[in-house]
Every structure is written in structure tokens, then in C-alpha cells.
Number of protein chains: 2
Amino acid sequence: MFKPITIKDIAQALDLSPSTVSRALSDSYEINEETKKRVIEYAEQHSYRRNPMASSLRHGRSYSIGVIVCEVANSFFSQAIDGIESVAYGKGYHVIISQSHDAYEREVVNIQHLANRAVDGLLISMSAETKDFSHIITLHEQGLPIVFFDRIIDVFDTHTVTSDNKKGAQKATQSLIDRGFKKIAHLANAPHLSITAERLEGFESALRANNIPLNESLIRYCHHGGRIQREVEEAVRYFLDLDERPDAIFVASDRLSMGCLSAYNKLAPKAEHPAIAGFSNSDVLDLLQPGFTCIRQPAIEMGRVAMEMLIQLIESRYPVYEFENTVLETELISR
Amino acid sequence: MFKPITIKDIAQALDLSPSTVSRALSDSYEINEETKKRVIEYAEQHSYRRNPMASSLRHGRSYSIGVIVCEVANSFFSQAIDGIESVAYGKGYHVIISQSHDAYEREVVNIQHLANRAVDGLLISMSAETKDFSHIITLHEQGLPIVFFDRIIDVFDTHTVTSDNKKGAQKATQSLIDRGFKKIAHLANAPHLSITAERLEGFESALRANNIPLNESLIRYCHHGGRIQREVEEAVRYFLDLDERPDAIFVASDRLSMGCLSAYNKLAPKAEHPAIAGFSNSDVLDLLQPGFTCIRQPAIEMGRVAMEMLIQLIESRYPVYEFENTVLETELISR
DNA sequence: ATGAAAGCGCTAACAA
DNA sequence: TTGTTAGCGCTTTCAT
């Protein structure tokens, strides 16, 4: 139906051998300038395009990498993707994005799918629901380069990039304490996520530093990361039903913050809403009244670093045994 | 470094020929049930994975399609992508997403890049800045199947999916009129986008239907689609500087709405903000005070339809000359 | 029901 | 500097 021009065609037309044409097009040094010019000119005129499948097959490399995140409609992840793409494109890699929607099954299916498409490596941020990691371990054992970012796991050694979640959580909590709040709740993400534990740690350590006793009953987890609004509403209703309602909440993620706000809007009059601070990379936040203080992660940078790490793994000629676990600083934005 | 198992390996191990193994794995009918079972079992045990590059090379198809949108961190487009993926995965296609960020150069580069990776077809929503379409026309002339959605162009015949932008704009404008506003401004997207013209038309027709004279000076365009916040601020400042300030604004897009709100927050006290209604698929909107009425597009459906159309073009055995231009209904959400 | 062989398009080792 | 050849892994005639 549609037959693109090949190296062979060019060779025939210019009375050369395919290899010469190939050399000309890949800018080899062992070629006559004159010939090279002729080939390139002809190729351009006939809008020749190298067949990436043939080329990949030959090289044993697809020059594409897979990214799996919970969702792209999330400021943090979309910024991370921008970072990933900027590095990837510069190095000639293509990026295939896949969304788990924080659901275990979709993560498994999508990672399978990506692996089947022969990506050269994987950039993974874990789904909130995932507790079983065998689908990832298998791929790692088969030698597929994998780098984790943001939501990492520790089931095998590899490069990772995260932000300093503990310190970020500390800063956010401290900002609430500084504003005079004492009964501070924590709306947490799924319990088995790395970021959940780290942020909880920071939350607790801020309370401790200010001699505020930790009240376990003020911590609520969202096992689906807020994917199901009902679970957020249940947490909010729980807070509202407490004899001693929290006067402030440290929220673990952007998604949860939105869910939390809208749950409060639904369930209680404005006057009864607690103050909120939390992790978020969204820039619609300053449209909200009252504005809410947030911890911003260096998402683009994280994407860049992760991609560079992955490329290093992919292009390394020898097995890599030394791994880096980069931790980036967060930024407090007061509102 | 990492050598995956091939059909040949399986053939050797089971003392069969590669072709038999291939047949077994592709579930051919001309094969012994017994043999098939043996092969499949062995393949599973050794986690054989078909090399997609070889397979693609052989078939002349990559089974992947490219999508280009302005940005994924946009509710409308991320929903559209969900729709696209749901259909694509079901049919065994892979989706490669690319962002133009509404910039002409990035659109050109990314489309080039996608085409070079041998996608079987392209799903395009135009960037706000693009006025020259030759990069797309060239690909079309080379026979690459292309379907446009949402922001379409009319430079050659192909399938398209859009929503009924005119009627949507009418409904939004009418809702403002119904609330008693008379001096209604329109914050429009880039002038050369299809959606811009259609939404303007709806805006004007609503005014006409209510005998409100059209005031050209109440229409402002954002040539970069709001990519540059400054241009939105300039428009808002313009509205604020008018002798007769608008009491309401119909905003053409989600992105512009956000930019518009934040510009007003920055430039004028809350009491002076006009009412706002506009196109948006975001669900953080109901967190805003005052809530703003919006027109919601059937984004997921649009993605689905577009992908189905593209698959039809790709898989058609004969050149397609009959094209569909599907228009979907929008929904008014009052707040 | 199975095998042998050719070829998708490209490239790299080797030969000239 | 250029050409010849072989092969990446898979599929599909054609022959058996």
C-alpha cells in the first residue's frame, strides 16, 4: 500500500552498493566526500527514512525506553516526563509512556507490554496498589536495565532517584506548627509506598522536635493513593467525626490534597475546614482560597537524572555493580 | 550482555525446525496439538518473548502509533489519551505520546521523530502556534495514515473527530447571559486553531440570539494558547483597563481559564473579578470559589473514536477515499 | 504435520 | 574507498 524507499533503492539508482550508501548515510569516515554528498542529496530528495525496525534488529537495540507512572495528568509526573524526554531525545532515545492509574493489574499488564515491545530499559515509579513485585523482578533477572524514581522499591540493587521526602514532610509539618496549629493530622498515601514511609517519618520527626505528642489516630492511609475518591472522603469523614478534630492536615500528595479539599467542600461548611499543607507540584494551587502551603519536588530534575542513569545502564559495556541512590532537595512554598 | 532466547533456541532444544516453533507460537492450525503444547510450555518456562523488531521488520508494521498533543498535563488531553490507549491496547497497538507544548518547532521535531520511529499512523491535535503544515502534508503524501482530533486542520482529506465547539460555546455564553451578564468578553485561543474559530462562532451566535451587540474590543486572542502566562496577563490587563470592563468572560480553554484566574488574582482585588465560564475537563474546578461553569468535552470518547478511525486507515487493504468527520456533543456543567 | 530456504532492511567484518 | 557477504529473529511459501 505504501512502500518507503530503502537503501537498496538508493544504491541501485546511484549505481553503488548498499553498504556504501549505508556508510554515507551514517556519516562514516571511510567514504569519499563526493559520494557521500551524492547519496545524501538523493536521499533527501526522495525523503528516504531509515527503517528503525531493521536498524534496531541489526543493533539489538530499540533505542526506546519505557516509563511507567501512575498518571500523566499529575503535575509532578508530567514534569518528570518533561525531564525524561529532554535527556532521552538528546541521546536519540524514544520514550514510551504508560499509566498504571495506581492499579496493580494495570501496572503488571503495562510493564509486560513495554517489555514485549523491546524497550532497552524501564523507568518505573511504583503504583500505589502494588505489593507483589515479581513482574519487575523477573524482568530484572532477565537483564533488563531498570531505574526507579520517586516511588521506589528495594527488592534488588539498581539506580534510584527520589526527593528528600523526610525533610520535605518535616518542613511542611513545621510550617503548620509555626502557624500555631497543634492538632495536626496526616493524610497518607498507600502504606507500602516508599514515599509514604519517608513522609510519615518527616511528619513524626517535626512533631517530636516541637514536643507535640504523636496521635496515631490522626493518621489515615489511602490505599489506592486517592484513585478512588470514596476512600479520601471516608478519611475526611473520619476526621470530622473525631471528638477532637484536627485543626490542620499534612497531606502526602497532590492528588490526595485535591481529593481532600473536595471532600471537605462536600462534607463540611467552609468555616470548619482545617488548614492544609502538603506535597504538590501543581501550579493551580495558588488559585485556591485559602492558598495552601506546599512542598514542591524538583520533578524535571528527577526525570533528567533518572533518564541519565538509565542510559548509563543501557550503554554500559560491562555489567554495572555500583549503584547510585540520588536524593534531591525539595522546596517549601508558603501561601 | 543480555541475550534473550529466540525461536531458534527453542527449535534446537526441542529438536524441531524454527518454522514449526513459529507456527506453534502463533497458534497456527497446521500443527500437531502435542508439538504445540511442548513448544508453548518450553517457551513459557524459559520466558521466551517474541522479538518485536524482527517481527515488525518481517510484517512491515510496527504496531505502534504516535500521538501528538500540546501537553499531557491537561485534563482534556490526558482523558483523550486514556481513550486512545484503551482502544489501542485492545487491538495490540502501542501508543507513543509526544508533547508539542504548543510550540511550532517542537511539533515539527516530534512529528519527525515519531515518523522516523516507524509508527503505523499518527493521531494529531495541532499545536497553537502552528501555521505552516508542510511537515504534516509531506508525511500524508508519503502515505502515512493520519487522523486529527480536537484541533484539526483542513489541508487534506482524512478522518477527524471534534466536539461540537460552536454549540458548546453557545451554551457557555448563554449560561452567562442567563445569569444576567451583559458585557461579556471572550478570551480566545490562537486565531488559526480550528477550535478557536468554532468557539468564537458559538460565542457570537449566543450574543446575537439575545440581541446583545457584538463588541469586537471584548475579544482577545492568546497566540501561544496560554503557554506564556504573560500573554494572558496582558489580555486581562487590557480588560481591566477598559472604560467599560466586562462583567463576565467566556474563556476558550482550560489552560486559559487557569491563566486568566491567576492573572486576575494577581492584578485586581477579588471584588473586581468578572464571572467566568469556559471549556474545561478539569475536575479541580469545583474546588474554586466561586465555582465556574464549564463546557466539558467527551474526551475519552474522542480518543476512542480517533484511535478506531486510525486503525481502520492502517488496516485497510485498499486506499481509503471516504472519510468521516465525527462531531461529539459537549456537556454544560453549571457551578 | 514438519522442514528448508528465502527475505524483510540494515550494517559490519572482510576482501578487494 | 568501495563491494561482497552474511546475519540480526521472525515468518511464510514451497516442498516433503
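Chain letters run A, B, ... following the sequence lines, proteins first, then strands; residues in each count from 1.
For A/H59, the side-chain atoms get nearest to C/dA12 when compared with the rest of C/dA12, C/dG9, C/dT2. When distances are taken from the side chain of B/A54 to each of D/dT1, D/dC10, C/dT11, the shortest belongs to D/dC10.
In terms of polar N and O atoms assigned as donor or acceptor, the side chain of A/S19 comes within less than 3.5 Å of the base of D/dT4 in a complementary pairing. Between the side chain of A/R23 and the base of D/dG3, at least one donor-acceptor pair of N or O atoms lies under 3.5 Å.
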>> Does B/F156 form a ring-ring contact (aromatic ring centres under 6.0 Å, His included) with B/F148? I'd like the steps, not just the answer.
In response: CA-CA 11 Å; B/F156 50 82; B/F148 293 101; 5.7 Å; yes

> Does the side-chain contact (heavy atoms from CB on, under 4.5 Å) test come out yes or no for B/Q312 and B/H159, once each step is laid out?
Replying inline: CA-CA 10 Å; B/Q312 190 237 306; B/H159 295 319; 3.0 Å; yes

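Residue contacts shown for A/L57 include a base, since a base heavy atom lies under 4.0 Å away.
For B/Y48, no side-chain nitrogen or oxygen approaches OP1 or OP2 of D/dG9 to under 4.0 Å. Proximity of A/T35 to the phosphate of D/dT2: a side-chain N or O atom is located under 4.0 Å from OP1 or OP2. A sub-4.0 Å separation between OP1 or OP2 of C/dT11 and a side-chain N or O of A/S22 is present. Contact annotation: B/K8 reaches the phosphate of D/dC8 (side-chain N/O to OP1 or OP2, under 4.0 Å). Side-chain N/O atoms of B/T20 include one lying less than 4.0 angstrom from OP1 or OP2 on C/dG3. Residue A/S17 places at least one side-chain N or O closer than 4.0 Å to OP1 or OP2 of D/dG3.
Relative ring orientation between B/H94 and B/Y89 is described as tilted, the plane-to-plane angle lying within the 30° to 60° band.
The side-chain hydrogen bond (donor to acceptor under 3.5 Å, both in side chains) with B/D102 is formed by just one residue from the set B/R151, B/R227, B/H224; it is B/R151.
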